[in-house]
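If you're wondering where the values come from, they're calculated on a predicted model, not measured in any experiment. Along the sequence shown, residues carry numbers from 1.
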Amino acid sequence: MSINIYSDTKQIVQFIDNPLVQLIDTRQDSFFNGYADDLEVKGHIIGAVQFPIEWLNNINEKKLESFIINKGIPKNKEIILYDANPDRSIKFYHILKEKLNFPFVSIFNNLGQLYKERSDLFFQFPNFQYFVSPHWLKKLMSGENVDQNNNNGYQIFEVNSSLIDTMPDEEFNAYDLYCQKHIPTAVYLNLNYLEDQNTLNISNHDKVLSYLSQIGLDNRKTQILYSRNPSAAARAAFILKWAGIEDVRLLNGSIGTWEKLGFPLEQKTNSSNKTNIQVSKDYPNKHMRIEDGRDIYNLQLEHKIKLVSVRSWEEHVGIKGGYENLPSIANEMTVGEPYNAIWGFAGSKIKKMEDYYDPDGSYRNPNEIAYLWRTQGITPEDRIAFYCGTGWRACLPYFYSLILGWDNTCLYDGSWIDWQKKNLPRLDKKQVENQVRPDNLNDYL
């Protein structure tokens with residue numbers, strides 16, 4: 001079967017605004033978001049839909065076609081695939097054309113030239129640098145030149161908390177797992193020392209900086225955080241940024257993603273010498289965090305904030321409290337949601353955030369998350385406070401808002417545990433009892 005290939009950049013420019021054509025970017029997340037690829041292309045063609053071929057091995061065969069269509073790849077348009085490596089697009093071409101019988105599929109194989117001629121047709125998310133790919137990190141560790149490197153060195157931290165260790169459905173000790181295997185040079189960061197163990201809020205600023213100094217964090221360097229629990233690294237990254245650590249990044253995917261790629265692991269524990277962390281007088285960043293639910297409630301009454309829940313749907317509609325399997329706080333958590341809470345998508349339980357992840361375990365395209373939020377009435381014009389049960393899950397959506405360039409978002413750090421302890425008004429059950437869970441447009445299992 002011959003493949004229809006476009007090489008003329010002027011022709012592709014004509015297609016960008018054509019309603020009968022849909023461009024598909026088959027590159028990895030970091031390139032789509034804004035990092036330079038092998039052709040030095042930064043970002044994606046405006047209006048392009050993302051579909052990295054890494055997803056293909058993780059999608060249920062019976063759901064493949066519906067999943068592809070839900071991603072914005074319809075059968076009634078001409079589909080034009082592009083990549084820095086055309087072989088990747090060819091692989092997806094055969095899936096669409098031969099397996100799923102998409103009638104109009106072509107490939108554009110001159111991406112680098114188009115970028116040289118018309119870089120104005122490409123879009124980078126305003127703060128794309130927060131999510132780094134395993135490939136980027138491996139190159140950095142190998143001493144290669146990488147995009148968005150501050151050239152002051154780097155540190156890697158594996159993040160977890162002993163709270164996770166107490167959960168009966170996962171019989172492991174987080175530190176033991178770190179000792180068994182971790183990304184080379186990674187130092188263990190225990191979130192317990194960054195949070196008040198009575199309230200589960202972030203500890204005071206001095207205690208946070210003291211612990212970070214003890215584990216050897218150097219504020220001049222790039223800090224790359226990852227975790228096995230999908231929310232732990234985002235929680236730590238939020239705390240570091242709030243405290244004034246200048247260059248914080250999240251590894252896009254867990255250690256499992258790193259391991260699947262065949263990248264190296266090590267067993268030995270790592271430590272760094274104690275440091276003296278100095279931050280600007282502007283920190284801690286008070287705009288990033290609201291601790292007291294009474295402040296949130298007063299802002300709600302004045303219509304000055306939208307409170308966005310990233311708890312599971314069952315938690316949101318009051319079917320369960322969500323923390324039944326976490327003995328340390330289960331007795332403190334009642335069923336319910338704060339007054340006028342808006343659901344902002346999440347996962348199936350407290351340790352999951354599937355709505356924010358791609359089939360291969362990477363973070364979803366920020367455009368997709370922004371679209372889901374808009375369906376719930378959550379827009380960049382709003383003052384937004386993300387929250388969950390204790391503050392962990394809400395940190396990843398916060399970083400999505402930063403990447404998207406939304407500049408009026410924060411974390412309600414007290415979250416539901418604070419709200420219900422203070423007996424603040426609750427969401428009227430009549431507002432949610434007959435609702436159906438909104439479609440996350442991400443059904444691949």
Side-chain angles (χ1 to χ4, degrees), residues 28-30 33 35 52 54-55 57-59 129-141 154-165 167 169-191 222-240 248-267 269-270 310 312 345-366 369 388 392-400 403 442 444-445:
Q28 298 165 4
D29 289 345
S30 59
N33 290 349
Y35 278 90
E54 285 79 8
W55 296 353
N57 294 331
N58 300 280
I59 302 170
Q129 73 277 0
Y130 282 114
F131 292 167
V132 300
S133 73
H135 300 83
W136 183 93
L137 178 56
K138 185 173 181 294
K139 286 184 176 181
L140 179 68
M141 295 168 66
Y154 66 92
Q155 292 176 296
I156 305 171
F157 290 94
E158 177 168 316
V159 183
N160 221 317
S161 161
S162 61
L163 274 178
I164 302 302
D165 307 342
M167 303 193 76
D169 60 333
E170 290 187 2
E171 296 180 359
F172 66 80
N173 177 282
Y175 183 72
D176 286 347
L177 282 183
Y178 161 79
C179 294
Q180 291 170 21
K181 60 180 179 181
H182 53 261
I183 294 175
T185 75
V187 172
Y188 189 74
L189 190 159
N190 189 339
L191 269 168
T222 297
Q223 309 300 328
I224 299 123
L225 277 56
Y226 74 92
S227 55
R228 299 164 195 264
N229 173 282
S231 300
R235 176 64 165 170
F238 179 91
I239 296 172
L240 266 59
V248 182
R249 319 281 182 99
L250 284 165
L251 182 65
N252 192 342
S254 66
I255 191 172
T257 306
W258 179 274
E259 193 170 9
K260 284 179 183 177
L261 291 167
F263 292 169
L265 297 165
E266 68 178 8
Q267 287 186 315
T269 59
N270 298 303
V310 287
S312 70
F345 293 85
S348 57
K349 53 184 179 179
I350 66 168
K351 293 184 293 177
K352 301 289 186 180
M353 287 288 284
E354 299 101 319
D355 294 348
Y356 287 81
Y357 281 76
D358 289 321
D360 64 344
S362 60
Y363 296 138
R364 282 181 77 175
N365 170 352
I369 299 302
C388 51
W392 277 42
R393 286 172 285 178
C395 291
L396 181 58
Y398 174 80
F399 277 100
Y400 267 100
I403 288 173
N442 204 36
Y444 55 84
L445 295 176

**OP:** Starting from the C-alpha separation in whole Å, work towards a yes-or-no answer on side-chain contact (heavy atoms from CB on, under 4.5 Å) for F345 and M353.
**Re:** CA-CA 8 Å; F345 293 85; M353 287 288 284; over 6 Å; no
Original post:
Could you go step by step and tell me if Q267 and H182 meet the side-chain contact (heavy atoms from CB on, under 4.5 Å) rule?
Top reply: CA-CA 7 Å; Q267 287 186 315; H182 53 261; 5.8 Å; no
**OP:** Applying ring pair (Phe, Tyr, Trp, His ring centres under 6.0 Å), run through Y188 and F157 and close with a yes or a no.
**Re:** CA-CA 6 Å; Y188 189 74; F157 290 94; over 10 Å; no
Original post:
Going through the distances and angles, do I350 and W392 end up as a side-chain contact (heavy atoms from CB on, under 4.5 Å)?
Top reply: CA-CA 9 Å; I350 66 168; W392 277 42; over 6 Å; no
Subject >> Evaluation steps, side-chain hydrogen bond (donor to acceptor under 3.5 Å, both in side chains), between S348 and E354 >> reply: CA-CA 7 Å; S348 57; E354 299 101 319; 2.7 Å; yes
**OP:** Test side-chain contact (heavy atoms from CB on, under 4.5 Å) on L177 and R228 and set out the steps.
**Re:** CA-CA 9 Å; L177 282 183; R228 299 164 195 264; 3.9 Å; yes
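Checked by atom type, the side-chain pair E158/Y226 shows a donor-acceptor distance below 3.5 Å. Side-chain contact, S362 with D360: a donor N or O sits under 3.5 Å from an acceptor N or O. Between the side chains of E266 and N270, at least one donor N or O lies within less than 3.5 Å of an accepting N or O.
To the nearest 0.5 angstrom, L137 atom CG is 6.0 Å from I183 atom CD1. To the nearest 0.5 Å, the span separating NZ on K138 from OG on S133 amounts to 11.5 Å. Within the model, atoms CG of L445 and CG of N58 stand 9.0 Å from one another, a figure rounded to the nearest 0.5 Å. Atoms OG and CG, from S227 and L251 in turn, are 9.0 Å apart once rounded to the nearest 0.5 Å. Put simply, CG on L225 and CG on L240 are 6.0 Å apart, with the number rounded to the nearest 0.5 Å. The distance from atom CZ of R235 to atom CG of N160, rounded to the nearest 0.5 Å, is 13.5 Å.
A distance-only check finds no donor-acceptor pair linking the side chain of Y398 to the backbone of F238 [under 3.5 Å]. A donor-acceptor pair is defined here as one N or O able to donate and one able to accept, closer than 3.5 Å; no such pair exists between the side chain of S312 and the backbone of K349. A side-chain donor-acceptor contact under 3.5 Å links Y178 to the backbone of A186. Checking side-chain atoms of R249 against main-chain N and O of Q223 turns up no donor-acceptor pair under 3.5 Å.
Between T222 and V248 the shortest side-chain heavy-atom distance does not fall below 4.5 Å.
Of all heavy-atom pairs between P366 and N33, the closest is CD-OD1, 3.6 Å. Of all non-hydrogen atoms in R393 and K352, the two that sit nearest each other are CD-O, 4.2 Å. Here the closest non-hydrogen pair linking N442 and Y444 is O-CD2, 3.0 Å. Nearest heavy atom pair, residue I156 against residue M141, reads CD1-SD, 3.8 Å. Across all non-hydrogen atoms, the minimal contact from V159 to A232 is CG1-O, 3.5 Å. Of all non-hydrogen atoms in P397 and V310, the two that sit nearest each other are CG-CG1, 3.6 Å.
Not counting sequence neighbours, the partners of Y400 by the ring pair (Phe, Tyr, Trp, His ring centres under 6.0 Å) test are F131, Y356.
Taking the six-membered ring for Trp and the full ring otherwise, the centers of H135 and F263 sit less than 6.0 Å from each other.
Considering D29, N252, N365 in turn, D29 is the only one that fulfils the side chain to side chain contact (heavy atoms under 4.5 Å, CB included) rule with D358.
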